[in-house]
Every structure is written in structure tokens, then in C-alpha cells.
2 protein chains.
Amino acid sequence: MTDESARASRPNGVAFLLAQTGAHAAGLFAERISALGVTPGDVGLLRMVAAAPGRSQRSLAEELGVVASRVVVLVDGLERRGLLQRRRDPANRRNHALHLTAAGAEVMAGVRALRPAHEDEICAGLDEAQRHQLAELLGIIAGRQGLAPGVHPGYRAAPQRSSRDEGERDQGSPQLPRP
Amino acid sequence: MTDESARASRPNGVAFLLAQTGAHAAGLFAERISALGVTPGDVGLLRMVAAAPGRSQRSLAEELGVVASRVVVLVDGLERRGLLQRRRDPANRRNHALHLTAAGAEVMAGVRALRPAHEDEICAGLDEAQRHQLAELLGIIAGRQGLAPGVHPGYRAAPQRSSRDEGERDQGSPQLPRP
DNA sequence: TATTGTTATACTCTATAACTATA
DNA sequence: TATAGTTATAGAGTATAACAATA
């Protein structure tokens with residue numbers, strides 16, 4: 001079984017390194033912004049509202065790939081903390097038009113202010129040319145994979161396997177979360 | 001507020017691209033291995049056991065940065081599906097020595113077999129030289145950040161903010177999960 | 001009737017604490 | 001007494017379904 005253990009020991013390659021370093025970068029970012037009292041999810045939602053003030057919760061739910069009731073909870077939290085405001089849309093009074101408050105804009109400014117240090121921490125060990133190279137290569141991947149600029153996952157529910165689909169390890173459909 | 005919306009629209013740079021593409025790569029990997037009936041967490045745990053057969057649950061908990069009772073649940077699931085086996089360690093009968101079953105080794109072989117296609121999918125659009133470049137740059141980052149080869153996060157609990165620390169947005173200690 | 005948002009509810013994940021058995 | 005593992009329990013997160021208001 002020494003053979004087995006040797007073979008199993010290290011998955012490597014670009015895909016794994018990406019997942020590893022990406023999770024690390026996301027974790028450090030979460031730590032940094034926690035000083036501002038927000039999570040990456042909060043920031044993403046605030047950013048989307050800032051980019052298109054007045055948009056509806058429904059539209060956010062669709063772009064986030066999340067159910068409407070989930071947005072209710074997220075917006076509840078942000079409104080309770082005074083970062084976001086719901087206003088009834090006079091044109092269509094079913095809609096809640098979302099707007100950043102002054103405090104919300106401040107938080108976003110704070111997040112922006114944190115970014116350079118974060119970037120430097122992640123890129124420590126790379127010179128300027130290497131950073132550009134890396135940014136370019138990652139940009140190619142992001143483009144090829146259809147990832148929108150500025151939007152990242154983390155809202156989708158975890159794979160979620162119920163406790164009763166036991167022992168069925170070889171069925172055909174890999175149940176793609178969203179094709 | 002057009003100014004604001006313009007400024008808020010796109011966070012960019014290496015750190016963000018890393019988080020974005022890394023989450024994407026991890027998601028695709030999770031989809032692929034779901035055909036084998038396992039999650040990335042399962043695979044990570046199986047890999048660690050394969051690399052050091054007979055290790056204890058406690059040692060796994062420490063390496064994963066997870067509480068012991070969590071490992072009980074994870075191992076329960078893998079044992080129930082026949083991929084892992086608990087054996088009492090005769091030398092110290094408190095320990096459960098963990099071993100892969102034949103089925104578990106098969107699953108790991110299946111995971112390894114999926115890797116090349118996964119790598120190709122992620123690296124689509126990059127030629128061989130670019131892949132090497134990217135792997136090298138990511139390797140530098142992983143090394144600088146102290147990321148162990150073959151180990152990636154995803155076991156740690158989410159940032160987890162309770163519902164009562166409301167409105168306290170400016171305290172000093174960012175509560176680092178693990179320094 | 002269809003759509004937006006909300007509430008009620010259930011289920012999963014994960015941690016804390018109490019407990020069992022070994023040492 | 002200390003350690004490995006387990007069970008019981010509680011909390012957060014998220015989805016589904018029923019509901020209210022508006023169109």
C-alpha cells in the first residue's frame with residue numbers, strides 16, 4: 001500500500017493550485033473586510049446595488065443564482081445595519097428599489113481602500129512583470145470560462161447531498177447545479 | 001451617484017481573479033467527482049488516509065482544522081458507503097486506525113482519472129508554455145503563503161457571524177480564524 | 001391570473017458540551 | 001486524571017412552499 005499512498009499524496013497542476021490559492025485569497029479578503037463588519041457576500045450584494053441603484057430584489061436573486069427568500073434575509077441584515085435601504089418603487093409598487101445609504105457607500109469605500117494591501121499580500125514574491133503576466137493568464141481563463149468581470153461565486157448553495165442517497169456511486173447524471 | 005456606481009462596478013487585480021477562477025475550478029471539480037458519489041471534502045479525507053494508512057481521527061481533525069466530532073460524521077459517511085474502514089488499534093485501543101477499502105481505493109483511482117480532463121477544461125485557451133508559466137507563478141504564491149502541497153481549505157467553518165453583533169462595524173480585532 | 005416580496009417551515013452543516021472507553 | 005471517540009444538542013444557513021400585496 002506504499003504504492004497507493006505515494007500516488008495519492010499530491011494532486012497537482014494548475015486547476016488544483018488555482019482552487020487552493022483562490023480559496024486562500026478569498027479567506028484573507030474575508031478576514032480583512034470583517035474589520036468593516038461585512039462578509040464577502042455583503043460586499044458583493046452592496047456592489048451590485050451600487051452599480052445599479054434602484055434595482056429589485058428579484059433581479060439580484062437571479063444574478064446571484066439564489067432564491068428570492070434568500071435575498072430577503074441578506075437585505076434584511078444590510079438594512080438592519082443601515083447600509084442599504086428599501087424604497088417602494090412608485091412605478092410598480094410591488095418592487096422594492098434598493099439603494100445604498102451613506103453608511104453603505106462608506107463601507108464600500110473602506111473595502112476599496114483595503115484592496116491594494118490585499119493585492120500586495122497575495123502577490124508577495126512576484127515582481128511587477130510577473131503580476132502582469134499572472135493577471136493576463138487568469139484573465140484568459142476567466143474569459144474562456146465565461147466568468148463575468150467583478151462577479152464571483154460564493155452565493156450558490158453547497159453541493160448539498162442528502163443523507164439518504166447512500167451507496168449509489170455510479171449513476172449517470174452528475175446533477176449539475178447550474179449548466 | 002453615477003460616479004459611485006462607476007467606481008464600485010469592478011474589483012479587479014490578481015487577488016480577485018484568483019478567488020474567482022479558483023472558486024470556478026473548485027466548482028467544476030466538485031461536479032465531476034459527484035459522478036463518483038463523493039464531495040471534495042470526501043476526497044481530501046480519503047487522500048489523507050491513503051497517504052498515511054492507519055492514522056487516527058484525532059490527527060485528521062487537527063490537520064483539517066476541524067473539531068473531532070466533525071470527523072466522526074465525515075468518517076461515518078465514508079464508512080457507510082464502504083470507502084473507509086475503522087479498525088481498533090491494538091497498541092492503543094482508544095484509537096481508530098483508518099484504512100481505505102478496495103472500493104475507496106477505486107474511487108481515488110477514479111478521481112485521478114478525472115484530473116487530466118479537468119485540467120484541460122480549466123486551461124482551455126492556454127498553450128503549453130502558458131500553462132507552465134501559470135503553474136510556476138501559482139506555485140510561488142502557494143509557497144509564499146505557506147500552503148502545503150496537496151492540501152486545500154474548504155473544511156474550515158464559514159466566517160460565521162452571529163445575528164446579534166449588529167451595527168458594530170468598527171472594532172479593532174478582525175478575529176482571525178487561525179493565524 | 002401573474003409577479004414581487006415575505007413568512008413559515010424543514011433540512012443540512014457544524015460546533016459545543018456531556019458522555020463512554022480506554023490509558 | 002488525561003485522551004480518543006461518540007452522542008446530544010443547538011445555532012446558522014439555505015431552500016421550498018404557502019401567503020399577501022400589487023399589477
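Remember, predicted model here, so these are calculated numbers, not experimental data. To find a chain, count down the sequence lines: A is the first, B the second, and so on, and within it residues start at 1.
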Side chain to side chain donor-acceptor pair (under 3.5 Å) pairs, two or more places apart, involving residues 122-137 of chain B: B/Asp120-B/Arg131

Which nucleotide in D/dT6, C/dT6, C/dA15 has an atom nearest any side-chain atom of B/Val66: C/dA15

Evaluation steps, salt bridge (charged side-chain N to carboxylate O under 4.0 Å, His left out), between A/Arg94 and A/Asp89: CA-CA 7 Å; A/Arg94 289 176 300 189; A/Asp89 182 350; over 6 Å; no

Nucleotide D/dT3, atom P - distance to CG of B/Asn95 in whole Å: 13 Å

Which residue lies more 5' along DNA chain D, comparing B/Gln57 with A/Ala91 via nearest heavy atoms: B/Gln57

Separation of C/dG5 P from A/Leu60 CG (nearest whole Å): 9 Å

Length of the line joining B/Asp76:CG and D/dA4:C1', which is rounded to integer Å: 14 Å

Euclidean distance, atom NE2 of residue B/His96 to atom P of D/dT6 [Å, nearest integer]: 5 Å

What does the list of N/O pairs under 3.5 Å between the protein and nucleotides 17-19 of chain C look like, with a distance for each?
none

Gap between atoms CZ and C1', on A/Arg55 and C/dT4 respectively (whole Å): 15 Å

Touch class at under 4.0 angstrom, heavy-atom based, for A/Arg88 against every strand present: nothing

Spacing between B/Glu63 atom CD and D/dA4 atom C1', to the nearest angstrom: 18 Å

A/Arg32 and A/Arg115: CA distance, side-chain angles, deciding distance, side chain to side chain contact (heavy atoms under 4.5 Å, CB included) verdict: CA-CA 9 Å; A/Arg32 279 188 187 275; A/Arg115 261 188 234 283; over 6 Å; no

Under 4.0 angstrom between B/Arg70 side-chain N/O and D/dG5 OP1 or OP2: no

Rounded distance in Å - CG (B/Leu84) to P (D/dG5): 12 Å

Derivation of the side chain to side chain contact (heavy atoms under 4.5 Å, CB included) call for A/Thr21 and A/Phe16: CA-CA 9 Å; A/Thr21 55; A/Phe16 179 81; over 6 Å; no

Atom-pair distance (CG on B/Leu74; C1' on C/dT12), nearest Å: 13 Å

Which nucleotide in D/dA4, D/dA23, C/dG5 has an atom nearest any side-chain atom of A/Asn92: D/dA23

Shortest non-hydrogen contact between B/Ala30 and B/Pro40, atoms and distance: CB-CG, 3.7 Å

Closest-nucleotide 5' rank along DNA chain C - winner of A/Val71 and A/Arg94: A/Arg94

Qualifying residue for side-chain contact (heavy atoms from CB on, under 4.5 Å) with A/Ser56, from A/Asn95, A/Leu98, A/Val71: A/Asn95

Touch class at under 4.0 angstrom, heavy-atom based, for B/Arg93 against every strand present: sugar-phosphate

Minimum heavy-atom distance between A/Pro53 and A/His99, given as atom pair plus value: CB-ND1, 4.0 Å

